[in-house]
Amino acid sequence: MSEASLPKTYDPAGTEARWQAAWEAAGAFHPDPSAPGEPFSVVIPPPNVTGSLHMGHGFETALIDTVVRFQRLQGKNVLCLPGTDHASIAVQSILEKQIKAEGGSKDDLGRDAFLERAWAWKAESGGTIVGQLRRLGYSVDWRRERFTLDPGLNKAVVEAFVRLHEQGLIFRGEYLVNWCPASGSAVSDLEVEMKETDGHLWHFRYPLSDGTAADGTDHLVVATTRPETLLGDTGVAVHPGDPRYAALVGRTITLPLVGRQIPIVADEHVDPAFGTGCVKVTPAHDPNDFAIGARHGLPLITVMAKDGSMNAAAGRFAGLDRFEARAAVVAAMEAEGFLVKVEPHRHSVPFSDRGKVPVEPLLSTQWFARAEPLAARCRAALDQGEPRFVPQRWEKVYRDWLTDIRDWCISRQLWWGHRIPAWFVVSETGGVITDATPYVVVRDAEEAQAKAEAQFGAASRAAGRALQLEQDPDVLDTWFSSGLWPFSTLGWPDPNAADLATWYPTSVLVTGFDIIFFWVARMTMLAGAFLQDDGVPVGGRTSWIPFRDVMIHGLVRDENNRKMSKSAGNGIDPLPLIERYGADALRFALVREVAGAGQDIRLDYDRASGDSATVEGARNFANKLWNATRFALMNLGGETPATLGDPDPADLTLADRWILSRLARVNGETAERYGSYALGEAAKGLYEFAWNEVCDWTIELLKRRLNPRPAVEGVPFSAEALADQRVARQVLAKVLNELLVLLHPLMPHLSEELWHGLTGAPEGTFLALQAWPALNKAALDAALEAQFAELIEAIRVVRNLRAVAGLKPAQAAPVVFLTGRPELATVLRAGSGDITALTRAASVQVLDPAAAAQRASARTLAAVSGELQVLLPIEGLVDLDALRGRLEKDIAKAEKEIKGLAGRLANPNFAGKAPPEVVAECQANLADAEAQAALARGRLEGLG
RNA sequence: GCCCGAUUAGCUCAGCGGUAGAGCGCCUGCCUUACAAGCAGGAUGUCGCUGGUUCGAAACCGGCAUCGGGCACCA
């Protein structure tokens with residue numbers, strides 16, 4: 001970057017690509033586990049390989065990268081590990097849809113060919129995603145990139161499954177599971193979404209089969225929202241305390257359409273106040289009924305097949321789809337006189353998250369993880385403050401879910417995923433897998449053979465059978481492998497894995513609140529099974545919980561305030577915004593929006609035009625920094641911060657000391673904010689400091705010192721002017737240099753580019769790997785900052801007066817300040833040069849008001865600010881009406897203030913109870929306001 | 001039903017006990033040799049409603065309203 005070639009506007013595209021390539025080529029973010037520095041690690045939430053990323057991922061990436069880049073500047077040994085997730089159901093359903101559109105089916109294709117296709121898809125989608133992440137400037141270690149189906153991660157999954165099974169935490173059994181007929185697989189409770197749906201409540205007559213009761217009752221009326229399940233009824237339940245039915249308990253019903261004899265049982269679960277107080281019980285098709293059935297020994301009759309159609313047990317309804325069967329059952333009941341009434345009924349229906357169809361509770365044999373023992377450890381850890389949630393309120397959400405947790409169904413009837421490491425000894429059950437087939441859970445086929453041989457070999461041979469094994473065809477829930485992510489990616493289960501030793505537990509997990517259950521809790525639960533022993537972390541670690549902090553962020557919402565998601569189709573691709581405004585601008589905009597505690601953010605974006613005012617604002621900020629540096633390069637005389645060195649404190653002007661004090665303060669504040677995940681505040685603070693204090697004031701004030709004018713044309717500069725020029729250069733170089741470091745976590749490419757331009761750092765060195773500037777405590781001076789604020793205010797008042805007077809910018813005018821406060825007078829005199837420069841003052845005088853009373857002509861433009869009167873004695877030019885208006889405004893403002901302050905002070909309770917310093921401040925303010933009002937009134941009267 | 005958020009300027013949002021803030025938008029004047037993606041100046045709010053605590057409330061507490069989210073759900 002050289003002065004001559006530096007354009008007036010910043011063009012991010014080339015710059016960003018260049019630095020991304022340079023960082024990666026140099027391995028800048030590829031850490032060595034044995035390197036010095038406190039370890040700091042983050043594993044990124046692996047995006048699903050279901051296509052491409054949207055702004056939500058961009059947002060999360062910006063947050064994570066800001067955190068890790070900051071920690072790197074802090075000198076930590078930082079690992080940020082990227083990767084992607086295989087997303088079993090999502091990817092498989094995408095592929096099945098594709099195959100279906102081509103007229104085929106996955107079964108035609110066969111498992112191997114299907115998986116081949118899935119890997120091809122993964123390559124494409126994963127490539128797209130990685131490209132998007134790179135484009136954002138993510139400072140991750142690409143050499144450690146992982147995919148949840150990698151061999152290494154598969155090894156971890158198998159190991160985890162086997163160990164959990166050994167610990168008795170994984171079992172196989174026949175239970176009601178959430179069956180998704182669309183994907184043909186079981187899904188976990190978390191993958192079910194309850195949706196309010198308009199349905200019906202059908203009331204059916206169920207006749208008593210053993211005659212009329214004493215009171216003349218010959219039937220019961222039950223109500224149901226799912227008539228087709230009636231075919232599987234094996235009982236009717238009433239509340240034990242319900243007097244209406246007390247006499248009927250123990251008697252028998254003849255199930256309509258089926259003719260089965262089913263008992264009437266008494267069960268606490270029944271709510272006597274709902275409907276008729278009688279409930280049909282279908283244990284094989286409803287979770288509550290399953291529980292009732294279990295309590296009363298009712299048989300389980302499954303009437304539905306796995307594709308959602310009725311099976312042979314449904315008799316004449318067999319073969320019908322479940323919804324056709326519903327209509328057919330209702331029609332049959334009506335025809336046979338069993339339908340009492342139908343009423344509209346709005347109720348919650350469980351839908352499959354992925355399949356988008358109602359799930360069917362279906363009796364099926366699945367693998368489950370016992371959740372309570374795993375959850376109990378996590379609750380105990382949480383009691384010790386691990387992990388720490390930011391914002392803290394999410395801790396409750398996490399804890400509540402871990403309390404009263406249900407077992408986790410981990411098997412999926414899918415092909416794309418980690419195959420379950422269980423081998424069935426099918427030779428024991430006629431060559432097929434049945435619920436009764438014995439199995440072994442081991443690490444591989446060879447081990448399976450050996451173990452099965454040991455257990456069944458002899459008996460098998462005795463029976464004249466050859467031992468025959470078959471691996472479970474099912475795969476594991478995707479979240480099972482994601483749940484191992486923080487340690488499987490670091491090398492677990494290898495006990496000698498260096499990465500694991502250095503970087504586990506990770507430092508912070510940054511993720512959205514929507515996956516606290518799915519993912520955060522699963523990671524802590526699974527870590528508890530492998531990385532602790534009796535509550536003590538294995539390997540001498542500080543903790544077994546996989547992350548010290550959990551930073552929960554909000555979601556990115558679209559212009560209609562809807563959560564951005566792939567399924568809703570409202571996702572915004574970050575790439576067009578990056579191309580238009582730059583990755584740094586997008587990152588800065590996203591982070592700057594997130595000041596609050598995990599609130600959702602809304603990104604304004606016009607889909608038609610591609611405009612985003614928010615990102616444009618950040619782009620403008622980038623350009624502002626670009627130009628500030630450009631200005632510096634034009635004015636440092638070819639020197640760099642290093643060659644210039646720090647200025648001698650004795651040489652500093654008031655303005656110099658002010659900006660250096662501000663710089664030190666902002667340094668401290670920003671480090672504190674980055675370190676505590678207050679990233680939005682950090683971004684806002686830097687924006688204001690850079691734009692308002694550095695650009696608007698400091699650079700403007702430095703200009704005349706950087707470019708001194710000789711007193712007489714052609715005469716060389718004085719030694720003083722040259723010395724001061726050097727001080728000005730030192731200040732400018734220092735402020736800008738340090739500012740670029742502070743900004744780096746937010747705007748990595750721009751800051752890297754400008755830093756190289758400013759410092760002339762050699763190729764191969766990176767701002768990304770520099771040290772955060774030491775806090776210059778000696779420069780901090782609160783009193784000075786307050787003084788300088790007064791100078792700024794004085795300049796503002798002059799500028800305002802000039803605007804009121806309608807003076808042309810180039811028109812010089814004399815300025816007179818009147819103040820009775822000596823300290824203020826001193827500051828104004830010290831800053832008179834600055835005032836001259838920034839207000840086009842023809843002259844600046846600072847006078848005592850008493851001494852100067854008669855000097856001020858009535859026809860002088862005047863304003864009052866605090867204890868300061870500002871006069872513009874430019875009689876010929878003054879617009880009297882404007883002058884009056886200005887004074888009247890001042891008076892009104894002062895009076896309003898007086899009223900408020902006097903009211904407070906008049907309250908005896910205030911003086912009595914408020915802290916003395918507050919009262920004193922109030923009195924001082926009142927005195928100021930009164931003085932101000934009096935001065936302004938005097939001026940106004942003087943005008944006549 | 002239970003639990004969390006949110007409600008502040010036209011818009012998007014900070015502020016969380018001591019006289020209401022930012023960005024964008026708006027109005028006025030400026031191409032002032034870093035930047036018009038800019039500069040200077042300006043206008044704009046019964047801080048959702050309602051009680052209470054306090055000398056003092058946008059902020060703390062209670063209730064209500066509206067919007068959003070999560071969890072649990074009765075056939």
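Every value quoted in this text rests on a predicted model; they were computed, and no experiment measured them. When reading the values below, keep in mind they use all heavy atoms of this one structure, side chains included, and skip hydrogens, waters and symmetry mates. Chain letters run A, B, ... following the sequence lines, proteins first, then strands; residues in each count from 1.
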When all nucleic acid strands are considered with a 4.0 Å heavy-atom cut-off, which category describes A:Tyr10: base, sugar-phosphate, or nothing?
base
Taking only residues two or more places apart in sequence, or in another chain, which ones meet A:His347 in a ring pair (Phe, Tyr, Trp, His ring centres under 6.0 Å)?
A:His345
List, with names and distances, any nitrogen or oxygen atoms from the protein found under 3.5 Å away from nitrogen or oxygen atoms belonging to nucleotides 1-6 of chain B.
from	atom 1	to	atom 2	distance (Å)
B:rG5	O2'	A:Gln599	OE1	3.2
B:rG5	O2'	A:Gln599	NE2	3.4

Salt bridge check: are A:Asp834 and A:Arg704 linked by an N-O gap of less than 4.0 Å?
yes
P atom, B:rA34 versus B:rA40: distance in rounded Å?
14 Å
Check the distance between B:rG56's P and A:Leu901's CG and give it to me in whole angstrom.
16 Å
Return the value, rounded to whole Å, for the distance between atom CG of A:Asp611 and atom P of B:rA37.
14 Å
With sequence neighbours left out, write down each residue that passes ring pair (Phe, Tyr, Trp, His ring centres under 6.0 Å) with A:Tyr206, or none if nothing qualifies.
none
Sugar-phosphate, base or nothing in reach of A:Arg406, heavy atoms under 4.0 Å
sugar-phosphate
Interatomic distance at P, B:rG10 relative to B:rU44, whole Å:
12 Å
Selection residues 914-927 of chain A - residue pairs positive for salt bridge (charged side-chain N to carboxylate O under 4.0 Å, His left out), sequence neighbours left out:
none
Tell me the interatomic distance from A:Asn635, atom CG, to B:rU33, atom C1', rounded to whole angstroms.
10 Å
Using the C1' atoms only, state how far B:rG15 lies from B:rC47, rounded to an integer number of Å.
10 Å
Nucleotide nearest A:Met194 (side chain, heavy atoms from C-beta), chosen from B:rG18, B:rA34, B:rC73:
B:rC73
Residues forming a salt bridge (charged side-chain N to carboxylate O under 4.0 Å, His left out) with A:Arg322, sequence neighbours excluded:
A:Glu360
Under 4.0 Å, heavy atoms only, any strand: does A:Asn623 hit a base, just the sugar-phosphate, or nothing?
base
Select one nucleotide: of B:rC24, B:rC55, B:rA75, the one nearest the side-chain heavy atoms of A:Lys913.
B:rC55
At under 4.0 Å between heavy atoms, what does A:Val270 touch on the DNA or RNA strands: base, sugar-phosphate, or nothing?
base
Determine the interatomic distance between P on B:rC16 and the same-named atom on B:rG21; round to the nearest Å.
14 Å
Between A:Val694 and A:Pro272, which has a closest nucleotide on RNA chain B that is more 5'?
A:Val694
For A:Pro908, answer base if it contacts any base atom (sugar-phosphate contacts may also be present), sugar-phosphate if it contacts only those atoms, and nothing otherwise; contact means non-hydrogen atoms under 4.0 Å.
nothing
If a pair satisfies salt bridge (charged side-chain N to carboxylate O under 4.0 Å, His left out) and one of its residues is in residues 687-702 of chain A, list it, with sequence neighbours excluded.
A:Arg662-A:Glu693, A:Glu700-A:Lys703
Looking only at side-chain atoms of A:Phe910, point me to the closest of B:rC35, B:rG69, B:rG18.
B:rG18
Stem list, RNA chain B (Watson-Crick or G-U pairing under 3.5 Å, at least 3 consecutive pairs)
B:1-7 with B:65-71, B:10-13 with B:21-24, B:26-30 with B:38-42, B:48-52 with B:60-64
Where each residue is assigned the nucleotide of RNA chain B containing its nearest heavy atom, which of A:Val349 and A:Asn907 is assigned the position nearer the 5′ end?
A:Asn907
Heavy atoms under 4.0 Å, any strand shown: does A:His345 hit a base, just sugar-phosphate, or nothing?
sugar-phosphate
Rounded to whole angstrom, note down the C1' distance from B:rC60 over to B:rG17.
8 Å
Pairwise P distance for B:rA9 and B:rC49, with rounding to whole Å
11 Å
Considering only atom P, compute the distance from B:rG63 to B:rG5 and round it to an integer number of Å.
14 Å
Please write out each protein N/O paired with an N/O of nucleotides 20-22 of chain B under 3.5 Å, distance rounded to 0.1 Å.
none

Of the nucleotides B:rU12, B:rA37, B:rG70, which has the atom closest to the A:Phe517 side chain?
B:rG70
Between atom CG in A:Leu702 and atom C1' in B:rU33, what is the gap in whole Å?
17 Å
For A:Phe588, the ring pair (Phe, Tyr, Trp, His ring centres under 6.0 Å) test, sequence neighbours excluded, returns A:Phe621
So what does A:Ile601 hit on the nucleic acid, given a heavy-atom distance under 4.0 Å: a base, only sugar-phosphate, or nothing?
nothing
For nucleotides 26-29 of chain B, give me every protein contact, N/O to N/O, under 3.5 Å, one pair per line with atom names.
none

With sugar-phosphate meaning primed atoms plus P, OP1 and OP2, does A:Ser348 contact a base, only sugar-phosphate, or nothing at under 4.0 Å between heavy atoms?
base
Residues in ring pair (Phe, Tyr, Trp, His ring centres under 6.0 Å) with A:Phe59, at least two apart?
A:His553
Return the nearest nucleotide to the side chain of A:Arg904; candidates are B:rU19, B:rA75, B:rA34.
B:rU19
Pairs under 3.5 Å (N/O, protein and nucleotides 39-45 of chain B):
from	atom 1	to	atom 2	distance (Å)
B:rC39	OP1	A:Lys624	NZ	2.6
B:rC39	OP1	A:Trp691	NE1	2.7
B:rC39	OP1	A:Asp696	OD1	3.4
B:rA40	O3'	A:Arg799	NH1	3.4
B:rG41	O3'	A:Asn800	ND2	3.2
B:rG42	OP1	A:Asn800	ND2	3.4
B:rA43	OP1	A:Lys889	NZ	3.3

Whole Å only: how far is the CZ atom of A:Arg630 from the P atom of B:rA37?
14 Å
